[in-house]
Amino acid sequence: MALYSEKVMDHFRNPRNAGVIENADGIGEAGNAVCGDIMKIYLRIEDGIVTDVKFETFGCGSAIASSSMATELIKGKPLDQVQQLTNKAVTEALDGLPAHKVHCSVLAQEAVQAAVKDYYDRVSGDVSFTQR
Ligand code: FES
């Protein structure tokens, strides 16, 4: 059996939603100290819905595939659902990851949750919109 599913290879070779959103409403970053990979998620939020999402990932193929799949899973979804995205959901949507690559999907969960938190922090006034 191949180490990586066809979906992982597809999202690695043709990542969806790669890039940056200028003046994003929420930005989240997650990294893994062991492998050194870093993932950044940008959210555009309108009326409580994620209307656009982009990612930048400096990391392995599984991290790129996980970011790509995570963006697909949260695009068009309300924030309360987005906040509950789990690495398990990302892994399942990719038809699985090898055990030693599951931590790559954790980055996607953490980066998405950090971006939602960043949005709520800004809305609550903890961080000024004008600072970014
Ligand atoms: Fe660390 Fe993939 S090897 S994120």
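Indexing begins at 1, ligand by ligand and atom by atom, following the structure's order.
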Requested in this report: Apply side-chain hydrogen bond (donor to acceptor under 3.5 Å, both in side chains) to K88 and list each qualifying residue two or more places apart in sequence or on a separate chain.
Outcome: E92
Query raised in the report: Going through the checks in order, is the side chain to side chain donor-acceptor pair (under 3.5 Å) test met by E22 and Y42?
Result: CA-CA 9 Å; E22 297 298 333; Y42 300 83; over 6 Å; no
Query - Any D52 side-chain heavy atom under 4.5 Å of K75 side chain - result: yes
Query raised in the report: If we only count heavy atoms from C-beta on, is the S67 to P15 side-chain gap below 4.5 Å?
Result: no
Requested in this report: For atom 1 (Fe) of ligand 1, state how many protein N, O or S atoms fall inside a distance shorter than 2.8 Å.
Outcome: 2
Requested in this report: Answer yes if the side chains of Y120 and Q83 hold a donor-acceptor pair under 3.5 Å, and no otherwise.
Outcome: no
Report task. Examine the side chains of N87 and S105 and answer whether a donor and an acceptor come within less than 3.5 Å of each other. Result -> yes
